[in-house]
Amino acid sequence: MKQVTASVTESRRILPGILHRSGRKISGVYLIRLRCPEIAGEARPGQFVMVNCGEECVLPRPFSIHQADGEVIALFFNVWQDAKGTPWLARRKAGDEVSLFGPLGNNYTLNPEARRLLLAAGGIGIASLRFLADSAVKRGLAVTLLCGTPTKHQYPQELLSPEIELVPVSEDGSVGKKGLITDFLPEFTNRADQVFACGPVAMYRAMAGMPELKGKPVQVSLEMKMGCGLGACYACTVKTKHGLKQVCRDGPVFELDDIIWDEVDLSI
Ligand code: FES
């Protein structure tokens, strides 16, 4: 884990704002690239960084590592209109400096015999799964990515490697299949050796009850509110079948079956 000052190499809004079904507004979805070889060289898919987001935010904020190429990492994040921290980060421009530390947490684990992966990204879940998808494609694995969003504003296909089979799903049916990712997961599980997911807790609860996933190796990444990111403040504690765990230190990646989902806050 390194504490560094990174320079911004690129920052742009990728998707426009929308009104979320919760009634809160997302003002946009942003991609920022940070030159920090000390972190980019160590980062593995599933890990995250803690970013100091200016004066408006006392505590650092966690962000999944979206991509890492040895020199530069990318972060992909929602900016909620009423949030603190992410609006500041979204306003950074090329050449600005950002202080952060990481990489933190564990990582997704590929079974050596796995050949076909199914990735399920709900909402901003692509932020964490993109790095895994890229790494799997580099190893010659087949990757199907189910990507679910509320509206037609989907992660741009041109940003993805052409080897990735993208299956868009939208809640209003304006693009791809109409519904939630969990409505379509069962169709794709048979041909997958391993399943990876990143999304809201409601999605994980639905997955935990799916007969099609019973006995399948399924890893999920939990997004929790964090204070320290280092296992010191207990803000991110979650109940598992193996006792209390801290998402920042023991996760964020867990086996789907290990978490006691009824005890996890649905608002996450
Ligand atoms: Fe402090 Fe996890 S964020 S223990």
Side-chain angles (χ1 to χ4, degrees), residues 1-6 24 30 32 34 36 38-40 42-66 68 73-80 82-90 98-109 122-129 131-132 196-205 208 219-268:
M1 193 275 289
K2 306 278 176 9
Q3 168 85 53
V4 303
T5 300
R24 290 173 68 205
Y30 288 76
I32 190 167
L34 304 168
C36 48
E38 307 89 337
I39 292 176
E42 277 182 25
R44 287 163 291 154
Q47 291 191 294
F48 65 98
V49 290
M50 296 291 282
V51 180
N52 296 312
C53 291
E55 317 73 42
E56 66 188 46
C57 202
V58 179
L59 295 171
R61 295 280 319 265
F63 293 85
S64 296
I65 300 175
H66 186 57
I73 62 168
L75 311 177
F76 185 70
F77 55 99
N78 277 336
V79 176
W80 294 87
D82 56 0
K84 291 210 173 2
T86 44
W88 179 91
L89 189 60
V98 173
S99 154
L100 70 158
F101 58 95
L104 298 163
N106 64 358
N107 54 281
Y108 297 112
T109 313
I124 197 69
I126 187 71
S128 161
L129 289 171
F131 192 4
L132 174 67
F196 299 88
C198 187
V201 169
M203 172 176 140
Y204 297 149
R205 279 198 192 171
Q219 292 171 32
V220 301
S221 176
L222 263 181
E223 287 188 10
M224 297 284 275
K225 289 202 170 72
M226 291 188 187
C228 66
L230 297 168
C233 74
Y234 294 88
C236 63
T237 304
V238 68
K239 236 184 209 176
T240 76
K241 292 178 182 164
H242 310 287
L244 295 178
K245 300 283 179 190
Q246 286 154 279
V247 172
C248 67
R249 192 188 55 189
D250 304 309
V253 179
F254 293 90
E255 297 291 330
L256 176 69
D257 283 347
D258 280 351
I259 304 288
I260 302 174
W261 292 107
D262 289 343
E263 306 268 348
V264 184
D265 184 353
L266 252 187
S267 65
I268 295 167

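In listed order, ligands and their atoms are each counted from 1.
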Practice prompt. Start with the C-alpha distance between Q3 and N52, add both sets of side-chain angles, then the distance that settles side-chain contact (heavy atoms from CB on, under 4.5 Å), and finish with yes or no.
Written response: CA-CA 11 Å; Q3 168 85 53; N52 296 312; 4.0 Å; yes
Worksheet item: Between E223 and C198, does a side-chain contact (heavy atoms from CB on, under 4.5 Å) hold up when you go through it step by step?
Response: CA-CA 8 Å; E223 287 188 10; C198 187; 3.9 Å; yes
Worksheet item: Does NZ or CZ of R205 lie under 6.0 Å from the centre of the six-membered ring of W261, at an angle within 45° of the ring axis?
Response: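 Checked: cation-pi criterion not met.
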Worksheet item: Does E263 come within less than 4.0 Å of K239, counting only side-chain N to carboxylate O?
Response: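 Salt bridge present between E263 and K239.
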Response to the item:
Counting only protein N/O/S atoms, those under 2.8 Å from atom 1 (Fe) of ligand 1 total 2
Item to complete: Return the orientation label for the Y30 and F77 ring planes: parallel under 30°, perpendicular over 60°, tilted otherwise.
Response: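 Y30 and F77: parallel rings.
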Discussion item. Do H66 and F131 make a side-chain contact, defined as non-hydrogen atoms from C-beta onward lying under 4.5 Å apart?
Written reply: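 The answer is no, as the side chains (C-beta and beyond) never meet within the 4.5 Å cut-off.
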